[in-house]
Amino acid sequence: MHRELRRELWMALAITGGVAALAAVAGYPLAGVAAGLGLVAALSLRKLARLHRWLVRGRRAPIPELGGLWDEVIREIHRQDRDSERHKERLTGLFDRLQAAASVMPDAMVVLARHDVIEWANPPAERLLGLRIERDTGARIVHLIRDPAFGAYLAAGDYREPLILKGPVEPMAVTLQIIPFGANERLVMARDITHVKRLEDMRQHFVADVSHELRTPLTVLHGFLETFADLFEGQDGEVRSGIALMREQVERMRRLVDDLLALSRLETTPARAHDDVVDMGALLKGLADIATVLGADRGQRIEVENCGADLVGNVDELRSAFTNLVQNAVRHTPAGGSIRLVWRADASEGRFVVIDSGEGIAERHIPFLTQRFYRVDSDRSRASGGTGLGLAIVAKVLLRHDARLAVESVLGRGSTFTCVFPSSRLKFPPDPSRAPPPTV
Ligand SMILES: Nc1ncnc2c1ncn2[C@@H]1O[C@H](COP(=O)(O)OP(=O)(O)O)[C@@H](O)[C@H]1O
Ligand SMILES: [Mg+2]
């Protein structure tokens, strides 16, 4: 480069010098220098004009031969051109391959631009989401996937849990996940779970049917065992203790069947339009009575605290969930212990809390308590009449009430089970003196 520059300079000097020398002979040396410089400038301008023309023609015309430094400049432009062309080709190739990979994927993918407009979709989006790629690109997705649950999910912006939707044709079911990216874009992914859903439905119906079928034989057995117990009343011996044991086990089976049926009802029936206003005063009183009766032989202290607000929901479901928590507290609290039932609400949320001073639960068990049949100590749970389904029922009921369960416990000190309800589920009495305290 330096060499070329030097040559260019020498050339300019030579031309100027030559013209100046000629002019000096004629007696005009200064005018000669000026004319020489002018000639150099004119030659350079001509080359510049040719270079400009070549650039303007999109560089497809044959590369002009300008010589010296100019050729260097052109070669550099040409090299950069080729590099960027190759880079573009590589990117296009990569994009084509990505698009090809996305089309053979079994899952649907839809890229949403601003305002949820469909920018791109792969072919499975047609089968799983009912879109027509050609027709629907550029349209807003909420106008095409009409299920209100989808609109609400998209708008809510909380995509931690996937959404399960009916597919465009019966009995297809899809699970759908949204992943935000870029400034305002979102990726919608959908997967066919028809098969999984069918198995899950079969499982639920099987459990419900078996539980239902077991009810009648158990009632018959129960009835006869009552009669036999009366017949052998007052007699000693194996038969009587056998009958007592059978009654106990039949009773346990009845409880299991009832809990299984309650669980499958919660799983298979749609959540009701929760428009009952549950009188929490009456519900708390009923729960305190249950605690007193269940713990009658233990002399536990039962305390109730009521904030006066009411809860909007399904009274039977809520009663069943709260009763389970109260039963657990009574079962796991020794004689002389205390159980507190607290109902507090403010403008932001409502909390139903069962606090016991019982045996407590080791921390490692806490995440699993709401799983079906999970017990910390199964022998003890069975002996105390537990089925291991209580907290699973509680969790299902709370889910249907947009609520969550929080568990805190210290081994040997006691446990606190809290049901947290959102403010949308609360109803405060009109009396201003009992209005909710403002949240700060
Ligand atoms: N208040 C409590 N104190 C101590 N342990 C508890 C309490 N509540 C629940 N648990 C533990 O959680 C397990 C699961 O509870 P649950 O689902 O109601 O089943 P169970 O039928 O055994 O009561 C129980 O077996 C028990 O070990
Ligand atoms: Mg229980």
Side-chain angles (χ1 to χ4, degrees), residues 207 211 214 248-267 284 286-305 316-343 351-400 403-420:
V207 172
S211 313
L214 280 173
E248 202 183 294
Q249 292 303 316
V250 165
E251 202 41 60
R252 206 181 127 227
M253 278 168 80
R254 270 159 56 115
R255 272 196 307 272
L256 254 173
V257 163
D258 285 347
D259 278 359
L260 281 172
L261 275 174
L263 250 185
S264 75
R265 250 197 310 276
L266 291 169
E267 282 172 343
L284 284 168
L287 292 171
D289 289 346
I290 290 174
T292 313
V293 172
L294 286 176
D297 52 341
R298 304 194 189 186
Q300 292 152 333
R301 206 169 51 254
I302 316 281
E303 289 167 32
V304 177
E305 188 185 315
D316 296 325
E317 289 182 13
L318 289 169
R319 189 186 296 111
S320 138
F322 295 166
T323 305
N324 267 304
L325 294 179
V326 170
Q327 268 174 356
N328 282 351
V330 172
R331 271 188 205 142
H332 298 283
T333 304
S338 71
I339 292 163
R340 288 180 61 207
L341 312 180
V342 179
W343 169 233
R351 290 169 168 256
F352 173 73
V353 196
V354 180
I355 307 157
D356 68 55
S357 66
E359 67 204 40
I361 308 161
E363 201 172 336
R364 68 197 149 91
H365 294 296
I366 292 180
F368 309 107
L369 292 180
T370 55
Q371 285 180 4
R372 277 169 243 207
F373 298 114
Y374 189 89
R375 288 114 149 185
V376 174
D377 178 343
S378 28
D379 290 343
R380 230 164 123 183
S381 159
R382 242 176 247 131
S384 63
T387 59
L389 293 171
L391 290 177
I393 293 177
V394 173
K396 281 261 150 45
V397 169
L398 292 187
L399 191 69
R400 284 156 75 93
R404 65 186 167 86
L405 179 69
V407 184
E408 287 162 77
S409 190
V410 178
L411 212 51
R413 292 260 198 88
S415 313
T416 302
F417 284 76
T418 308
C419 310
V420 187

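Just so you know, ligand 1 is whichever comes first in the structure, and atom 1 is the first atom listed for that ligand. As a basis for the values below, the full set of heavy atoms in this structure was taken, side chains included, without hydrogen atoms, waters or symmetry mates. Counting begins at 1 with the first residue of the sequence.
- Using a 4.5 Å heavy-atom threshold, the side chains of R255 and R252 count as touching.
- If you number the atoms of ligand 1 from 1 as listed, the ones under 4.0 Å from a heavy atom of G386 come out as 20 (P), 21 (O).
- Backbone or side-chain N, O or S atoms of N328 reach the Mg ion (ligand 2) at under 2.8 Å.
- Note on R351 versus E305: no salt bridge recorded, every NZ/NE/NH1/NH2 to OD/OE distance being 4.0 Å or above.
- By the criterion of a heavy-atom distance under 4.0 Å, neither the backbone nor the side chain of V394 is placed next to ligand 1.
- Which parts of ligand 1 touch R331 is read off a 4.0 Å heavy-atom cut-off, strictly below it: atoms 23 (O).
- Among the atoms of L391, some N or O lies under 3.5 angstrom from an N or O of ligand 1.
- When each atom of ligand 1 is checked for a heavy atom of L369 under 4.0 Å away, the hits are 12 (O).
- Distance from atom 22 (O) of ligand 1 to its nearest protein heavy atom, with residue and atom name: S381 OG, 2.6 Å.
- At a heavy-atom cutoff of 4.0 Å, ligand 1 is contacted by both the backbone and the side chain of V376.
- Within the set L411, I339, I361, D356, the minimum heavy-atom distance to atom 1 (N) of ligand 1 is found for D356.
- Of all the atoms in ligand 1, the ones that sit under 4.0 Å from a non-hydrogen atom of G390 are 16 (P), 17 (O), 18 (O).
- What sits closest to atom 24 (C) of ligand 1 on the protein, heavy atoms only, is H332 NE2, 4.1 Å.
- Here's the thing with G388: one of its N/O atoms is less than 3.5 angstrom from an N/O atom of ligand 1.
- In terms of polar-atom proximity, R375 is not counted as a contact of ligand 1, lacking any N or O under 3.5 Å from an N or O of the ligand.
- In plain terms, the two heavy atoms of V394 and A321 that are nearest each other are CG2-O, 3.5 Å.
- The environment of R404 atom CZ is sparse: at most 12 non-hydrogen atoms of other residues, nucleotides or ligands sit within 6.0 angstrom.
- Around the CZ atom of R413, the shell of radius 6.0 Å holds no more than 12 heavy atoms that belong to other residues, nucleotides or ligands.
- Rounded to the nearest 0.5 Å, atoms CG (D259) and CG (L389) are 5.0 Å apart.
- The pair R301-E303 meets the salt-bridge criterion, since a charged nitrogen lies less than 4.0 angstrom from a carboxylate oxygen.
- Inclusion of T387 in the set of residues having an N or O under 3.5 Å from an N or O of ligand 1 is warranted.
- With hydrogens and angles disregarded, no donor-acceptor distance shorter than 3.5 Å links the side chain of S320 to the backbone of D316.
- Residue-environment remark: CD (Q249) exceeds the threshold of 12 foreign heavy atoms within 6.0 Å.
- Within ligand 1, counting atoms from 1 as listed, the ones closer than 4.0 Å to a heavy atom of Y374 are 13 (C), 14 (C).
- Relative orientation of the F322 and F352 rings is parallel, given thresholds of 30° and 60° on the angle between their planes.
- Distances shorter than 4.0 angstrom do not occur between any heavy atom of N324 and any atom of ligand 1.
- Residue N328 has at least one nitrogen or oxygen atom sitting less than 3.5 Å from a nitrogen or oxygen atom of ligand 1, judged on distance alone.
- Tested against E317, the residues R400, K396, R265 include a single salt bridge (Lys or Arg N to Asp or Glu O under 4.0 Å) partner, R400.
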